[in-house]
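Provided herewith is a single structure, encoded as structure tokens, for subsequent inquiry.
This one's a predicted model, so the numbers in the text were calculated from it and none came from an experiment. Letters A, B, ... mirror the listed sequences (proteins, then strands); counts begin at 1.
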Amino acid sequence: MRTKSQNRKIAKAILYVVLLFIAFLMLVPFAWMLSSSLKLDKDVFIVPIQWIPENPQWSNYVKIWTKIPLAKFVLNTAKLTIIVTLLQLFTSSFAAYAFAKLNFRHKNTLFLAYVATIAVPWQVYMVPQFMMMRSFGLNDTHLAIICLQAFSAFGVFMMRQFYQGIPDELCEAARIDGMSEYQIYGRIMLPLSKPALSTLTIFTFVNTWNDFLGPLIYLKTESKKTLQIGLRMFIGQNSSEYGLIMAASVLSLLPVLIVFLSLQKYFVEGIAATGVKG
Amino acid sequence: MKKKFLGLTLAASMAAASLAGCGGSADTAATAADSEETAAVEAGDGAEETAAAEAASSEEVTLKWSVWDISLTTYYEPLIEAFEAAHPGVTVEMIDLGSSDYQTVLATELTGSGSDFDVVCVKDVPGYTTLVNKGVLEPLDDLIAQDGIDLSMYGGITDQVKVDDKLYELPFRSDFWVLFYNKDIFDAAGVEYPTNDMTFEEYDALARSVANTEPGQEVYGAHYHTWRSAVQLFGILDGKNSIVGGNYDFTKPYYEMVLKEQQDGVCQDYATLKTSSLHYSGAFSQGNVAMMNMGSWFIPTLIEKISAGEYTECTNWGIAKYPHAEGVEPGSTLATITSLAIPTSAPNKDLAWEFVKFVTGEEGAEIIASTGSIPATMNDDIAAMVASVEGFPGDEASREALQTANLYLEMPVHAKSSEIETILNEAHDGIMTESITIDEGIAQMNEKVGALLAE
Amino acid sequence: MAAKNRTVDPDVVQQKLAKLNLQLKELEGQMEKATDPRKRRKLIAKITAVEEKIKQAKTGERMTRQQRRDLIAYSFIAPNFIGFAVFTLGPVIFAFILAFLEWDGNNPIQFVGISNFLDMAGNSRFIASFKNTIVYCIATVPLTLAAAIGLAVILNQKIKGRNFFRTVSFFPYVASLVAVAAVWNMLFSPAKSGPVNMLLYTIFKVPANELPKWAASPDWVMFTIVLFSVWKNMGYYMVIYLAGLQGINAELYEAASLDGAGTLQKFRYITWPQLQPTTFFVTIILTINCFKVYDIVYMLAGGSNGVLSESAIVLVYHIYEEAFRNWNLGYASAVAMVLFLLVLAVTLIQFRGEKKYAN
């Protein structure tokens, strides 16, 4: 008995060591980023690395707001990201419900159309898409980015995958109780799909927040640009101002981190045994 | 399996059919939906084309001009101000397409119909060739003849950008490569500054004489940025070889020189520079680079950064003419031009031409020179203007270095320039990281470019 | 879906019914003869459809039940599908048609048949990119999958600082690529004094002249890229696995514990099979994302001019350079078609796998 509990302790200890090592691997680059963001440009690449700068340049974090219209960029990006995420969540889960739980004509064909487009890199249809958007008068508008991002096949695919894990009997029972499909979706499926929805939220949020090429092609007016283009523009113009670049990168990371942290907590609490089978 | 495949192809073809219909109707729908805009543009078109040329009438016109790096470039604003002052009622609006992907975004913008740019900057020659091949630029020859513009003021560079004997752009900036050097390093080593008349042997010896390979206190005698132009193109300065000719044996002595320097620690390791993406300005500003060959566009940057107090290790700098091969006239160097062009879809073509004429002509040149940048129309007066900009090195040799003899484009106009560029870059990369030998690299270039040209 | 009774001419209804009944008889006759199970299934479907129609004709309803169901289903799909069809599917299909055309975006389009596909065979950059993409996928998919599932299983245990570790593992995924790629290039600097190389030199005693040049060397560049991809993306897939793990019924583990199963056995007989749907999903997404890799390679191996050499080029980059540097939109679309077929093959194989698990 004793050896067993000892074994367990040793196993736990090893586990923690492994975890700490992984955490270290994960964090090193970020530590570097953070430490560089507090350095003078010329000190950034000096070897051996000075992890805690002797003379931290907090002013980098002040300067970056005046060097580029960062506040405007953040606002634009936040607006786009929130709208896209909401649209994506709503329309994907709606459509995915039909694909997972309803039988209808052309179901497989329509679904294959979705799956097939996941496989096509955006670069392939970027030009026809741009020409189409422009002919709709959407060039240089935020609406273009929203249309571009909000109806992704990925969301539908993911949500369908999740709904398929929910037993059909649940829906059948509700149908016998006289619920309409809309009621089943709203009252049974949606509450059950919180874990999947939060996962999709994280993914959509991250993708939209970090998207670069889309805004680059569609947004030209400075006041409409997003954070990533702003960052890239800044890097292009001041490629050797590493301190400022890193400070801006750290700032651009924060919102995504906050979204993840808040949803992650929810993740853990919310996925109690609700009959959901991954 | 089979059934699914069938179903899929069926779906695809059905959707294709519906798209074909869709595409057509989308176009018409779009024109209908956009009719307001188009109508406005067309109305503008008709009215301006006749009116604007005669006199800048009271009518309000906006010229859309695509540029990059508005906040970094000091001459855009004064150019626009001067033009607007001479043309009442005209506003010039700049659209910043970003510098790193400028040509890509511009080409996308001008693809199909519906772009409303009046004047576009063309950043490099491959980008220019692309646009000309796509047929989206107006040929300027008739306009040039009609207004009697003397192309000789561009020093022959316009002849090098003719495509099928037609000119589609006029240069307003013409940067050429010079040797930047850090006087402090030469002073500390007790070595004479680089001169305006050095052969490559002398240059190599000079670089070695100031280099310090002691770990921790490295001084690099020379610095070559990771662009292939920085090494490969030493070879075309004798005027006998072409970078699109298909034979690259002439690059060998220069690769040998630079690789030897790299192995001896006289210059920084290419592989390291490449992966760290160290910017040339970052390298030079660290104060441990004695000489760096770079384009004259670095002059205004240096002046500005030093006066802003950002560069403290290279405040005492100078420029010298490019080193040259035995028997070649000093001052032969590489050139990169930045030009203006008018898209075929431009709504206000006549006014756009006025603007192009203004920026690329004398007046524009003076404004550009007064900010420390090198305009395309170069003469003694303009060179003097550049040299008199505050922060420009005061010594006579640096002023003299602004006089060029023969200018060779970094990449001449060629229908396959971007494909050739890719092949040359690949070989350059291989040679400089020493993953292939110089001979292998040259053989690779000869073979692949040869095959491409034979197509 | 109000199904109102209509006032219809009874004769017409009778005629219709007679016709339908005849069809039904015929189908039933075929059914008796048919032996092939697949054919039988088809016939059953047809019979049901005809029966529905008969019912509809009898009751005089405007729509059959199936039609009403279809409408409801379409109303669910429509908000997403309309946007998707207009902004994604349309351009995608157009791009596929382009594969058989020659077009630079401005000059008139020309039909060239399959010559775009034939051109690929002679293009050394295409061949290199095809090979590299496959190599990249084969290396990255299993590694990422293993890392993700391992992490998820560990981080699903009740351990201290669980949330911290979860967040940390997810960190690389959310970070802006531009920034982390710069950091990696620094850490894996090809110089002998680069941090990782110093580590190899001092601790693992790798001789100085054998130190890898990482992204700058043709032999190591793919390895560096794979390493970076696994590091950057495993957090993403871990999250999906975590969601999957949360769905496994805890009673299963309790029962297994009672039967005396060890950790490994539990993983093998409960966790792994229960995670099959998740693994299916992750493998598809991961494989597709691997085939679509572009920005990572570009950032790590592109250097200052952003041109990839043949040792690092991947399919999407090849598409990109052909489309936007050389404006061969037709050829680029043809390469995309190849990419698409690759992914489609993987997806179909996976779909079959899923069916097997479901049964």
Who in residues 210-220 of chain C is close to chain B, using a strict under-4.5 Å heavy-atom cut-off?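 So the qualifying residues are Lys213(C), Ala215(C), Ala216(C), Pro218(C).
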Hey, is OH on Tyr201(C) packed in by over 12 heavy atoms from elsewhere, all under 6.0 Å?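 Check fails, neighbour count at 12 or below.
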Quick check for you: to the nearest 0.5 Å, what is the distance between Asn326(C) atom CG and Thr129(B) atom OG1?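 Between Asn326(C) CG and Thr129(B) OG1, I get 11.0 Å after rounding to 0.5 Å.
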Might you confirm whether atom CZ of Phe130(C) has over 12 heavy atoms from other residues, nucleotides or ligands at distances under 6.0 Å?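 Not buried by this count: 12 neighbours or fewer within 6.0 Å.
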Part of residues 413-423 of chain B lying next to chain C, heavy-atom separation under 4.5 Å: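 Only Ser418(B), Glu419(B), Thr422(B) of residues 413-423 of chain B have a heavy atom under 4.5 Å from chain C.
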Measuring from Trp103(C):CH2 to Thr111(B):OG1, what's the distance to the nearest 0.5 Å?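 Rounded to the nearest 0.5 Å, the CH2-OG1 separation comes out at 7.5 Å.
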Leu110(B) versus chain C, heavy atoms under 4.5 Å apart: side chain, backbone, both or neither?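 The backbone, not the side chain.
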Checking Asn107(C) side chain against Asn133(B) main chain: does a donor-acceptor pair fall under 3.5 Å?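 Yes, Asn107(C) side chain to Asn133(B) backbone: donor-acceptor pair under 3.5 Å.
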Heavy-atom pairs under 4.5 Å with chain C - which of Ala451(B), Ala107(B), Pro126(B), Gly127(B) has more of them than the others?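 Max contact count across the listed options: Ala107(B).
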Please give me the minimum heavy-atom distance between Glu426(B) and Glu310(C), naming the atom from each residue.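 Scanning both residues, the minimum pair turns out to be OE2-N, 2.6 Å.
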Provide the closest heavy-atom pair for Thr104(B) versus Trp327(C) in the form atom of the first, atom of the second, distance.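 Taking Thr104(B) first and Trp327(C) second, the nearest heavy atoms are O-CZ2, 4.4 Å.
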